Amino acid sequence: MRIVNGLLITVAKKRLLLAVLATLLGAAVGLCAGYFAARKVLLAQTDLRLQGYARRSIDGLSASTYESRTVLNLMEASAYRRCSPEEISYLRTLIYESHYLKEAGRLRGGRVECSSTLGHAPAEQPVMHPDFIQRDGSKVFRNPPLFGIQGRAVIAVQVGDAFVVYNPFVSDMDYAPRVHYAVTDVDAQTHSAGLLWGQLPQNPDWVLNRNAQAMSQDSLYATRCSTVNSACVTAYMSHDEALAASRRTLMLLSGVCALTGGLLGLLVACLYRRNKSLPHQLLRAIRHDALRVVYQPIVDLETGRIVEAEALVRWTNDDNEAVSPDVFVKIAEDGGFVGEITRLVIRRVLRDFAGVMNTRPGFRVNVNIAAPDLADPDFLPMLQQALDRAGVRAQSLGVEITESYTARQQVAKDTILHLRGRGHHVAIDDFGTGYSSLAYLHDLSVDSIKIDKAFTRAIGTESVTVSILPQILAMAEQLGLTVVVEGIETEQQAAYFALAQQAIRAQGWLFGHPVAADAFLSQLAENDSKRQPPASPARQPAAVHTAASYC
Ligand code: C2E
Ligand code: MG
Ligand code: MG
């Protein structure tokens with residue numbers, strides 16, 4: 001039990017560690033994935049926002065261009081004398097009725113001759129040089145000297161000798177938090193793009209090459225161009241600015257993803273654990289016929305002849321660890337599938353030993369059966385079927401039942417009766433470890449007892465366990481039970497039992513370890529070929545073992 005508990009504690013620790021690691025890993029992966037996915041979504045949203053902003057701005061720009069062209073056309077068609085008071089008054093009317101313009105006038109030799117607000121312009125003024133010449137020949141001036149406004153970009157356009165100045169307070173781009181903009185134009189003569197107004201980013205190439213949609217390593221750009229002239233609006237924003245507004249959302253989404261990732265990790269660990277749990281591994285191994293069966297000889301202590309064998313099951317788990325049958329048989333019992341192990345062992349025994357069993361009528365192989373087998377209504381028919389199929393007599397297949405299984409269970413008694421009735425030899429295993437008395441054994445009506453190795457181990461010691469041995473041997477003799485002694489490892493232990501009154505059978509490393517079927521059969525053949533010297537001192541009546549001294 002301690003071994004089982006120890007193994008289960010180790011397994012539980014491993015599972016806990018696995019679950020914690022999987023949860024942490026899942027959370028970390030979830031956090032990263034969540035952060036990057038949320039970042040991508042937020043940047044895509046910003047991109048859409050920028051595109052909307054650029055579209056609205058270019059629409060405004062187109063409307064103002066349309067108005068300026070209309071005013072310039074009217075001025076060109078004007079019948080008034082150039083810069084006459086009538087024309088200046090007419091210009092004022094045009095500007096008054098316009099939405100986007102603040103000034104209209106006439107130029108001569110690059111200088112303003114008259115305008116709607118100045119009337120006649122001062123004689124002393126610098127010559128204006130166009131910054132861009134557009135496709136249609138119109139000239140564009142940035143911040144014309146007579147009409148500049150501190151801190152505002154002012155644009156003037158000249159067609160022929162007429163010019164208009166845009167009102168910067170109307171034609172400015174809409175305000176949008178953290179969005180930067182640049183209005184660019186292309187000079188028809190040099191074909192190079194330049195800034196009309198707004199602000200260029202540190203790396204202006206992304207704006208000046210005027211791609212409709214672009215994303216540099218650290219910024220997003222959306223550009224829309226006018227259909228009426230060569231001006232374009234680029235709205236742009238750095239990633240940091242785009243994410244700053246959504247930092248909370250970003251953290252929230254990352255947190256949710258980390259949580260989801262953690263839960264998924266835990267779920268995966270649980271599923272993996274379930275699949276890797278010992279019961280699952282064991283069941284898989286049984287279903288894949290991956291359990292091994294080994295055989296240990298049981299000898300007649302007087303002659304040294306191998307007269308029986310015990311079939312013992314072996315299992316190596318997925319981690320390549322050999323699990324003790326004490327542990328996995330218990331797991332199978334708890335899982336309700338120990339019957340599958342019993343079936344597997346019986347099948348193997350009959351496959352490996354049918355020939356020997358039929359040629360050596362005195363030889364027997366014993367299988368261990370578990371408590372659930374005794375209560376399983378399919379057990380006896382299954383056993384009979386297996387024997388019939390292999391053509392083996394029931395006498396050649398013995399059954400070992402652990403003492404504790406049989407205690408106070410009517411169903412165990414009935415099954416034992418049936419087994420014996422069919423000719424099977426029934427032994428009580430690990431005798432002395434349970435609480436059944438010899439009288440109870442009589443009631444159970446078995447053929448033999450296998451004295452537990454704890455008694456053998458105690459031989460040569462002062463332990464009280466040894467003092468009970470003579471009593472057990474005498475009572476077994478009285479009840480006519482064969483005695484098999486388990487766990488004989490030394491000559492001293494063998495010699496102790498050789499002195500007993502009755503015939504004793506012995507099992508233990510002194511006579512042979514559990515081995516695979518072919519090794520066992522070789523051992524059996526070798527054992528046969530030897531002249532059988534007594535395996536231990538000849539049996540003598542020993543005072544210590546007399547029935548009288550047991551009481
Ligand atoms: P068990 O039926 O009492 O089997 C004897 C155990 O003692 C075996 O342990 C065997 O390897 C071990 N043994 C044999 N000689 C010596 C020795 O000289 N010294 C020592 N210290 N040990 C010795 P194993 O194979 O580990 O099996 C442990 C138990 O697992 C078995 O005890 C039995 O109760 C159970 N078991 C094994 N195979 C099966 C099986 O096929 N079905 C069922 N239901 N239980 C099984
Ligand atoms: Mg046994
Ligand atoms: Mg035993």
Side-chain angles (χ1 to χ4, degrees), residues 1-4 7 282 285-286 289 291-299 301 306 308-316 321-350 352 364-376 379 383 397-406 412 415 425-434 446-459 483-494 496-497 505-517 520 535:
M1 200 60 193
R2 215 181 308 138
I3 305 170
V4 181
L7 191 89
L282 178 58
I286 296 170
D289 211 25
L291 264 51
R292 288 183 308 118
V293 179
V294 289
Y295 303 91
Q296 188 177 25
I298 297 173
V299 301
L301 199 50
I306 297 175
E308 297 175 41
E310 178 174 6
L312 296 160
V313 68
R314 294 289 179 263
W315 175 48
T316 306
E321 294 161 349
V323 184
S324 161
D326 278 320
V327 174
F328 71 80
V329 168
K330 170 88 174 61
I331 290 174
E333 276 177 34
D334 293 346
F337 57 90
V338 74
E340 296 199 37
I341 295 185
T342 310
R343 263 192 291 279
L344 181 145
V345 174
I346 290 174
R347 214 170 45 237
R348 294 280 181 84
V349 167
L350 292 174
D352 296 338
R364 185 176 66 239
V365 181
N366 300 327
V367 293
N368 292 281
I369 64 168
D373 294 322
L374 293 170
D376 181 1
F379 173 66
L383 185 60
L397 192 79
V399 167
E400 295 185 13
I401 307 168
T402 303
E403 184 187 358
S404 54
Y405 290 165
T406 59
T415 311
H425 182 98
V426 178
I428 293 296
D429 206 352
D430 302 339
F431 185 80
T433 54
V446 293
D447 298 290
S448 63
I449 54 168
K450 293 187 76 175
I451 297 178
D452 192 71
K453 46 186 172 291
F455 291 93
T456 314
R457 217 177 293 131
I459 289 168
V483 174
V484 180
V485 184
E486 290 182 328
I488 299 217
E489 295 176 9
T490 64
E491 294 287 356
Q492 186 200 3
Q493 291 164 343
Y496 177 91
F497 289 105
R505 293 186 170 189
Q507 176 179 0
W509 296 341
L510 185 64
F511 308 106
H513 282 268
V515 289
F520 182 91

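Please read all numbers here as calculations on a predicted model, not as lab measurements. Below, each value reflects all heavy atoms present in this structure, side chains not excepted, and no hydrogens, waters or symmetry copies. When a ligand or atom number is given, it counts from 1 through the structure's own listing order.
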- Heavy-atom contacts with D430 under 4.0 Å: which atoms of ligand 1 show up? List them by number with element. 3 (O)
- Counting both backbone and side chain atoms, is some N or O of V313 under 3.5 Å from an N or O of ligand 1? yes
- Message: Would you say CZ of R292 has more than 12 non-hydrogen atoms from neighbouring residues, nucleotides or ligands within 6.0 angstrom?
- Response: no
- E400 (side chain) donor-acceptor with D429 (main chain) under 3.5 angstrom: no
- Task: Measure from atom 19 (N) of ligand 1 to the protein's non-hydrogen atoms and state whether any distance is below 4.0 Å.
- Result: yes
- Ranking P325, S324, G508, A454 by closest non-hydrogen atom to atom 35 (C) of ligand 1, top hit is P325
- Task: Could you tell me whether some N/O pair between R314 and ligand 1 is separated by less than 3.5 angstrom?
- Result: yes
- Item | Proximal atoms of ligand 1 relative to E489 (non-hydrogen, under 4.0 Å) | 17 (C), 18 (O), 19 (N), 20 (C), 21 (N)
- Message: Looking only at N, O or S atoms in E310, which is nearest to the Mg ion (ligand 2)?
- Response: OE2
- Message: So I449 and V483, do their side chains get closer than 4.5 Å, heavy atoms only?
- Response: yes
- Message: Going by side-chain contact (heavy atoms from CB on, under 4.5 Å), K450 matches just one of I401, D430, I428, I298. Which one?
- Response: I298
- Item | Under 3.5 Å: N/O of W509 near N/O of ligand 1 | yes
- Closest candidate by heavy atom, reference atom 7 (O) of ligand 1, pool Q493, R348, H513, K453: K453
- Does E310 come within less than 4.0 Å of ligand 1, judged by its heavy atoms? yes
- Query: Does the shortest distance from the Mg ion (ligand 2) to an N/O/S atom of T402 fall below 2.8 Å?
  - Reply: no
- Query: Looking at P514 and V294, what are the two nearest heavy atoms and their distance?
  - Reply: CB-CG2, 3.6 Å
- Task: Please test Y295 against V349 for side chain to side chain contact (heavy atoms under 4.5 Å, CB included), starting from the C-alpha separation and ending with a verdict.
- Result: CA-CA 9 Å; Y295 303 91; V349 167; 3.8 Å; yes
- May I ask whether R457 has any heavy atom positioned less than 4.0 angstrom from an atom of ligand 1? no
- Message: Distance alone, cut at 3.5 Å: any donor-acceptor contact between the side chains of T342 and D373?
- Response: yes
- For E486, the ligand 1 atoms with a heavy-atom partner under 4.0 Å come out as 3 (O)
- By number and element, which atoms of ligand 1 are closer than 4.0 Å to a non-hydrogen atom of V345? 41 (O)
- Message: Under 2.8 Å from the Mg ion (ligand 3), can any N, O or S atom of D429 be found?
- Response: yes
- Item | Short N/O/S contact of E400 with the Mg ion (ligand 2) (below 2.8 Å) | yes
- Task: Please check if a non-hydrogen protein atom sits closer than 4.0 Å to atom 9 (O) of ligand 1.
- Result: no
- Do NZ/NE/NH1/NH2 and the carboxylate oxygens of D326 and K330 come within less than 4.0 Å? no
- Item | Short N/O/S contact of D430 with the Mg ion (ligand 3) (below 2.8 Å) | yes
- Between F520 and I306 the two heavy atoms that sit nearest each other are CZ-CG2, 4.0 Å
- Close N or O approach (D429, ligand 1; < 3.5 Å): yes
- Message: Out of I488, L510, L312, who is nearest to atom 31 (C) of ligand 1 when you count heavy atoms only?
- Response: L312
- Message: To make sure I understand the geometry: which N, O or S atom in E486 is closest to the Mg ion (ligand 3)?
- Response: OE2
- Of all the atoms in ligand 1, which lie at a distance below 4.0 Å from a heavy atom belonging to P514? 11 (O)
- Query: Which one holds for N368 and ligand 1: side chain close, backbone close, both close, or neither close, with close meaning a heavy atom under 4.0 Å?
  - Reply: both
- Query: Within the side chain of R348, is there an N or O that forms a donor-acceptor pair under 3.5 Å with the backbone of L291?
  - Reply: yes
